[in-house]
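Contents: one structure, followed by commentary.
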Amino acid sequence: MKKQLLFISALVLGSLGWGQQKTIKVACVGNSITYGYGIENREQNSYPSVLQRLLGNGYKVGNFGHSGATLLSKGHRPYIQQEEYQKALAFAGDIVVIHLGINDTDPRNWPNHRNDFVKDYLTLISSFKKANPKARIVIARMSPLSHRHPRFESGTRDWHAEIQQAIALVAQQTNAQLIDFHEPLYHFPQMLPDAVHPNAQGAAILAQVVYGAITGDYGGLQLPEIYSDNMVLQHGQSLPLHGIANAGTKITVTIGSQQLNTTADSNGKWQVTLAPLAAKETYTLQITAGKEKRIFKNVVAGEVWLCSGQSNMEFEMFQASTGERDIPQAENPNIRLFDMEARWRTDNANAWELSALDSINQLQYYKPAQWEVCSPKTVRAFSAVAYYFGRRLQKELNMPIGLICNAVGGSPTEAWIDRHTLEYEFPRILNNWRENDFIMDWVRQRAGENIAKATDKLQRHPYEPAYLFEAGILPLAKYPIKGVIWYQGESNAHNKDAHSKLFPLLVKSWRNEFGYSHLPFYYVQLSSINRPSWGWFRESQCRLMKVVPHSGMAVSYDCGHPTDVHPKNKQPIGERLAQWALGDTYGKKVLPSGPLFRSATFNGKVATVTFDYAQGMHSADGKTLRGFELSNGNGIFYPATAEVVGEEVKVTSEEVSNPKAVRYGFSPVTDGNLVNEANLPASTFTSEP
């Protein structure tokens with residue numbers, strides 16, 4: 001590694017026409033973020049000061065940041081009119097790092113002078129090239145502005161995005177190196193205490209970005225953790241593989257008969273795209289970066305599914321009612337498990353005290369993981385729902401199945417949605433998340449107890465909006481998957497209306513991340529329990545299938561328990577999710593679901609209900625149908641008698657002479673017993689709008 005870095009340094013010096021003895025001058029140009037505003041001991045902890053220590057004695061770093069400075073020459077405080085600008089010109093930097101634009105989001109600036117931005121930026125760059133014709137120009141995408149900024153929704157959010165585009169355009173026109181101050185800080189809002197200025201930890205991250213850009217040193221070959229021995233790669237489609245290496249490093253990827261070559265770019269990033277792999281084949285994957293090499297053995301091509309949600313997806317095989325029977329029989333090399341286990345449990349406040357990590361690594365919520373072959377030992381603590389889902393697929397498809405389990409007990413829907421989506425689609429939920437009413441009281445209380453115990457007071461909680469997407473989905477690094485199974489909602493069940501908005505955003509968020517707009521997404525309708533809102537919530541979940549394309553819902557109320565939010569009978573739930581995948585994704589001739597409400601008509605005293613997937617409807621236990629209710633339209637429902645007639649259900653009630661509405665399975669703990677020929681239960685429904 002040391003020889004490689006010396007080689008990179010020689011390249012940098014050679015490109016500037018210098019010998020080894022010359023001190024390289026680095027001018028850091030910018031606003032208060034460059035200056036280090038708000039950072040304790042700014043002289044030591046601003047990003048240019050940290051950069052100086054990283055680069056060492058062969059470099060001289062100058063801090064020419066001015067608080068409030070605008071790039072726009074007609075802005076309220078133009079950088080070119082400040083003393084720091086003149087000092088920067090006199091410094092005649094060999095490398096000039098420019099970070100401007102944040103203050104141009106002020107309503108006094110961008111709305112009035114946006115047409116001047118690119119021109120003014122080009123003029124600024126020209127002035128530094130005039131001061132030193134050999135100067136290497138590095139321009140930065142702006143650091144983020146937090147949703148807590150007082151003008152975030154009134155314009156700053158949108159203008160910030162527009163300025164980022166303008167900065168990229170400047171880089172293209174000038175061939176300047178474009179570096180990213182945004183992405184490395186975007187997922188750490190706690191590092192922006194006033195919503196604008198990075199703290200010392202944030203400044204250190206920016207310094208590391210510039211250090212890499214200047215030296216090309218990105219720490220050598222780095223790969224996503226999900227690449228390991230025994231992994232399952234999705235067959236039948238092009239497969240992007242990517243990672244980090246030192247700038248300019250030649251990368252070779254070999255698998256089967258394929259060999260692909262590329263080069264790490266100036267920001268250390270590289271990617272190749274494999275041709276589709278043949279199903280059921282076993283491979284060795286080799287990735288070489290210069291003299292570094294990683295070899296992954298026993299890699300198979302098959303079907304990969306992401307299994308996520310909260311505690312009922314997390315619920316482990318040894319806890320399930322069928323675990324004692326099925327764990328000893330779980331040896332199956334054609335099922336592979338990647339278990340993303342949390343470093344600490346949110347339901348244990350005392351454990352939280354031991355959990356605080358170095359603040360710069362606050363997204364490392366999960367323990368290190370690797371792909372493992374399914375066996376009694378490896379499946380014991382794995383998700384029961386995920387295992388039964390995968391076992392059914394493996395049997396029916398005769399195909400290797402990869403299961404990625406990423407589930408966190410108590411987690412609300414909003415914690416799994418990316419920050420950008422929430423900022424634009426549901427920004428209110430980002431503010432004071434432990435005080436708003438989007439999540440249930442017990443969720444807020446648990447989070448408060450955890451945070452009170454934390455030794456690092458900046459430690460973020462996994463229930464925070466966007467956190468689990470950032471900590472648990474981004475690390476999957478767009479790993480190609482076939483689809484998602486999802487078991488969550490308990491933490492959002494008191495507010496069906498908020499969830500009805502959040503869930504489609506979650507699906508959209510993940511489909512964008514994995515790059516597949518039709519990514520199958522199959523979810524579990526909540527079970528029975530004595531919580532008043534759950535009948536309404538189950539019904540709202542059913543309606544989401546019409547809102548979210550390529551989705552399906554597995555009913556679970558018949559597996560529930562009146563007082564236990566964690567029903568132990570997980571096998572039917574996993575297999576019902578598999579039923580959706582087999583019928584909807586893989587085109588098998590199976591009924592993917594139990595009866596789903598289609599329509600209701602009313603004639604005299606009789607309500608006639610039609611269903612999708614109605615073939616062979618009957619009562620599950622051979623007794624009279626239960627769970628149906630009728631109303632005359634005033635919102636008051638009465639128990640009703642129901643019977644199957646062909647593929648319809650006729651419903652009447654002695655207490656309702658002129659029915660206008662019918663519903664089914666609405667009690668929080670329902671004993672509804674309507675099933676179809678596949679013995680799959682009907683969903684909760686109401687005919688009311």
Side-chain angles (χ1 to χ4, degrees), residues 312 487 489-490 492-494 496 499-500 523-546 552-565 567 569 572-573 576-577 579-580 591-600 607-614 616-631 635-644 647-653 655-656 659-689:
N312 271 308
Y487 194 164
E490 296 90 340
N492 298 82
H494 76 302
K496 68 178 181 63
H499 179 266
S500 293
Y523 59 95
V524 180
Q525 186 185 52
L526 294 191
S527 63
S528 290
I529 196 172
N530 281 326
R531 293 184 180 174
S533 65
W534 279 38
W536 284 102
F537 189 79
R538 288 197 301 263
E539 190 271 343
S540 71
Q541 285 184 294
C542 186
R543 295 192 180 207
L544 286 169
M545 281 189 287
K546 296 182 179 179
M553 183 189 72
V555 174
S556 74
Y557 60 72
D558 58 325
C559 300
H561 188 281
T563 60
D564 189 352
V565 75
N569 189 14
I573 299 171
R576 289 169 190 175
L577 289 165
Q579 194 86 354
W580 267 107
L591 283 174
S593 172
L596 295 176
F597 174 74
R598 181 192 299 164
S599 66
T608 300
V609 186
T610 64
F611 299 85
D612 294 323
Y613 311 120
M617 288 192 298
H618 62 281
S619 69
D621 52 11
K623 299 179 181 179
T624 302
L625 290 179
R626 300 184 298 270
F628 284 88
E629 299 173 284
L630 285 178
S631 170
I636 301 174
F637 282 83
Y638 297 91
T641 300
E643 64 174 331
V644 175
E647 293 192 353
E648 300 176 335
V649 174
K650 304 290 186 179
V651 187
T652 59
S653 173
E655 298 177 87
V656 182
K660 300 293 184 183
V662 58
R663 69 185 188 184
Y664 170 79
F666 247 75
S667 298
V669 179
T670 179
D671 62 352
N673 60 348
L674 177 64
V675 298
N676 60 14
E677 66 182 19
N679 289 316
L680 295 173
S683 169
T684 297
F685 74 84
T686 179
S687 65
E688 297 174 297

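All heavy atoms count here, side chains included; hydrogens, waters and symmetry mates do not. All residue numbers in this chain count up from 1 along the given sequence.
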Is there a side-chain contact between [X] and [Y] in this structure, where contact means two heavy atoms from C-beta onward sitting under 4.5 Å apart?
X	Y	result
Leu680	Pro592	no
Thr686	Tyr664	no
Arg543	Ser500	no
Met553	Cys542	yes

Next on the checklist: Please evaluate residues Lys650 and Phe628 with respect to the criterion side chain to side chain contact (heavy atoms under 4.5 Å, CB included), reporting the C-alpha separation (whole Å), side-chain torsions for both, the decisive distance (0.1 Å), and the verdict.
Outcome noted: CA-CA 10 Å; Lys650 304 290 186 179; Phe628 284 88; over 6 Å; no
Residues in side-chain contact (heavy atoms from CB on, under 4.5 Å) with [X], at least two apart?
X	result
Ile529	Arg531, Trp534, Val565
Val644	Met617, Leu625, Val649, Leu674
Ser653	Leu630, Tyr638, Ala640, Glu655, Val656
Pro572	Cys559, Asn569, Arg576

Next on the checklist: Is there a side chain to side chain contact (heavy atoms under 4.5 Å, CB included) between Leu577 and Val524? Walk through the geometry before answering.
Outcome noted: CA-CA 8 Å; Leu577 289 165; Val524 180; 3.8 Å; yes
Checklist entry - Mind checking whether Phe611 and Phe685 have parallel, tilted or perpendicular rings, split at 30° and 60°? => result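 Taking Phe685 first and then Phe611, their aromatic rings stand perpendicular (interplane angle over 60°).
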Checklist entry - Does the pair Ser599 and Thr610 meet the rule for a side-chain hydrogen bond (donor to acceptor under 3.5 Å, both in side chains), with working shown? => result CA-CA 5 Å; Ser599 66; Thr610 64; 2.6 Å; yes
Give me the atom names and distance for the closest heavy-atom approach of [X] to [Y].
X	Y	result
Asn676	His618	O-CE1, 3.2 Å
Gly560	Ser527	CA-CB, 3.7 Å
His561	Asp564	ND1-N, 3.3 Å
Ser528	Arg538	CA-NH1, 4.0 Å
Ser619	Val675	C-CG2, 4.2 Å
Tyr613	Leu596	CE1-CD1, 3.7 Å

Checklist entry - Can you pull the salt bridge (charged side-chain N to carboxylate O under 4.0 Å, His left out) pairs that have at least one residue in residues 618-630, sequence neighbours excluded? => result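 Listed by first then second residue: Asp621-Arg626, Arg626-Asp671, Glu629-Arg663.
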Next on the checklist: Apply side chain to side chain contact (heavy atoms under 4.5 Å, CB included) to residues Tyr487 and Leu526 and explain how you reach the verdict.
Outcome noted: CA-CA 8 Å; Tyr487 194 164; Leu526 294 191; 4.3 Å; yes
Checklist entry - When you look at Leu544 and His499, which way does the side chain to side chain contact (heavy atoms under 4.5 Å, CB included) test go after all the steps? => result CA-CA 10 Å; Leu544 286 169; His499 179 266; 3.8 Å; yes
Checking the side chain of [X] only, and the main-chain atoms of [Y] only, is there a donor and an acceptor separated by less than 3.5 Å?
X	Y	value
Ser687	Val662	yes
Thr684	Phe666	no
Tyr557	Gly535	no
Asn673	Thr624	yes

Checklist entry - With Lys496, which residues qualify under salt bridge (charged side-chain N to carboxylate O under 4.0 Å, His left out), at least two apart? => result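 None.
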